[in-house]
Amino acid sequence: MLHDIFTRLFAHFAPQRWWPGETPFEVMVGAILTQNTNWQNVERAIAQLKSTVAFTPHAIFALPPAMLAAAIRPAGYFNIKTGRLRNFLTYFVERYNGNVETMRQQPIAQLRTELLGVRGIGPETADSILLYALDKPVFVVDTYTQRVLSRHYLVPEETTYDDVQSIFMDSLAHDVRHFNEYHALLVAVGKTFCRRTNPQCEQCPLKGVNW
DNA sequence: CACCAGGCAAGTA
DNA sequence: TACTTGCATGGT
């Protein structure tokens with residue numbers, strides 16, 4: 001059934017080509033900045049940050065917090081996100097010397113535990129980093145995923161993050177490219193047809209699914 | 001004007 | 001444990 005949903009979405013939408021970002025480290029930063037925030041605003045923030053300092057873990061951490069906050073201001077919650085970014089950078093630099101390839105070599109379960117231990121990184125941000133920055137076969141769940149599934153009565157609305165994730169990871173092959181495209185397509189269908197205000201259910205490519 | 005966007009943590013009872 | 005609230009910009 002999850003395979004059928006993917007087939008419908010893939011037939012309807014063009015490839016999403018997630019995650020936007022020139023480097024894995026940039027994807028990590030974007031994952032934190034995009035929390036409850038429109039991606040367009042994240043792009044502004046990243047652009048401003050790039051024009052402020054060299055886009056490396058050490059350089060960004062060396063930036064005075066007030067300047068970091070000013071740079072990422074367009075992404076919203078800039079004081080909160082400044083702290084969260086610095087928490088992550090502390091972890092990334094202290095444990096991996098800011099080296100993506102070194103981090104990538106660790107086991108998935110260990111990395112997920114480490115990331116969840118950083119204050120400001122919850123399950124979605126952790127999994128986004130694992131999948132989109134480190135190429136780990138982890139399925140990313142977000143509010144659109146939950147909403148699309150529950151609107152089609154595939155899961156109860158109150159299903160937890162980990163349970164939704166298990167539904168996907170227990171029935172699909174653990175393929176990075178597939179998980180990448182699938183999550184992005186769920187966001188696409190959620191945005192386009194499954195909005196709270198002004199839903200467009202009649203034209204949704206998932207119309208009628210209720211296995 | 002209201003509402004939303006690729007969440008998370010802290011506070012309250 | 002189970003809710004609720006704060007965080008904040010920019011687009012529609």
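When reading the values below, keep in mind they use all heavy atoms of this one structure, side chains included, and skip hydrogens, waters and symmetry mates. All figures in this text were calculated on a predicted structure; none of them were measured in a lab. Residue numbers start from 1 in every chain, and the chains themselves are labelled A, B, ... in the order their sequence lines are given, proteins ahead of strands.
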- Task: Consider only side-chain N and O atoms of Tyr91(A) and Glu114(A), and report whether a donor and an acceptor are under 3.5 Å apart.
- Result: yes
- Within this structure, what is the CD-to-C1' distance between Gln35(A) and dT9(C), rounded to whole angstrom? 15 Å
- Using atom OH of Tyr161(A) as one end and atom C1' of dC8(B) as the other, report the distance to the nearest whole Å. 13 Å
- Just to confirm, is there a sub-4.0 Å distance from OP1 or OP2 of dA9(B) to any side-chain nitrogen or oxygen of Tyr77(A)? no
- Is the distance from OP1 or OP2 of dA2(B) to the nearest side-chain N or O of Arg196(A) less than 4.0 Å? no
- Task: Could you verify whether a donor N or O on one side chain and an acceptor N or O on the other, from Asp4(A) and Thr7(A), lie under 3.5 Å apart?
- Result: no
- So does Thr143(A) get a side-chain nitrogen or oxygen closer than 4.0 Å to the phosphate oxygens (OP1/OP2) of dG7(B)? yes
- Query: For atom P, what is the distance between dA8(C) and dG11(B), given to the nearest Å?
  - Reply: 15 Å
- Could you give the NZ-to-P distance, from Lys81(A) to dA5(B), as a whole number of Å? 14 Å
- Query: With respect to the side chain of Arg147(A), which nucleotide from dA5(B), dG11(C), dT9(C) is positioned closest?
  - Reply: dA5(B)
- Hey, does Arg84(A) reach any base, or is it just sugar-phosphate, or nothing, if we go heavy atoms under 4.0 Å? base
- Query: Is Arg195(A) side chain donor-acceptor paired with the dC4(B) base, going by distance under 3.5 Å alone?
  - Reply: no
- For the atom pair OH (Tyr161(A)) and CG (Asp142(A)), what is the distance rounded to the nearest 0.5 Å? 8.0 Å
- Please report, rounded to the nearest Å, how far the P atom of dA8(C) is from the CG atom of Leu33(A). 13 Å
- Message: Need one value for Ile32(A): base, sugar-phosphate or nothing, where a base atom within 4.0 Å counts as base even if backbone is also close, heavy atoms only.
- Response: nothing
- Whole angstrom is fine here: how far is it from CH2 in Trp39(A) over to P in dG11(C)? 16 Å
- Query: OG/Ser128(A) to CG/Leu134(A) distance, rounded to the nearest 0.5 angstrom?
  - Reply: 11.0 Å
- Item | His174(A) ring center within less than 6.0 Å of Phe179(A) ring center | yes
- Asp142(A) CG to dC8(B) P, straight-line distance once rounded to whole Å: 10 Å
- Task: Establish, with yes or no, whether the OP1 or OP2 oxygen of dA5(B) is under 4.0 angstrom from a side-chain nitrogen or oxygen of Thr34(A).
- Result: no
- Could you work out which one of dT9(C), dA8(C), dG7(B) sits closest to the side chain of Asn79(A)? dA8(C)
- Query: Taking atom types as modelled and ignoring hydrogens, do the side chains of Arg84(A) and Asn87(A) form a donor-acceptor contact shorter than 3.5 angstrom?
  - Reply: no
- Please state whether the phosphate of dC7(C), meaning OP1 or OP2, lies under 4.0 angstrom from any side-chain nitrogen or oxygen of Asn36(A). no
- Counting heavy atoms from C-beta on, name the nucleotide in dC8(B), dG11(C), dA5(B) closest to the side chain of Pro123(A). dC8(B)
- Message: I need the CG-C1' distance between Asn198(A) and dA2(B), as an integer number of Å.
- Response: 15 Å
- Message: Both Asn41(A) and Ile121(A) contact DNA chain B. Taking the nearest nucleotide for each, which residue is further toward the 5' end?
- Response: Asn41(A)
- Query: In whole angstroms, how far is the P atom of dT9(C) from the CD atom of Gln48(A)?
  - Reply: 13 Å
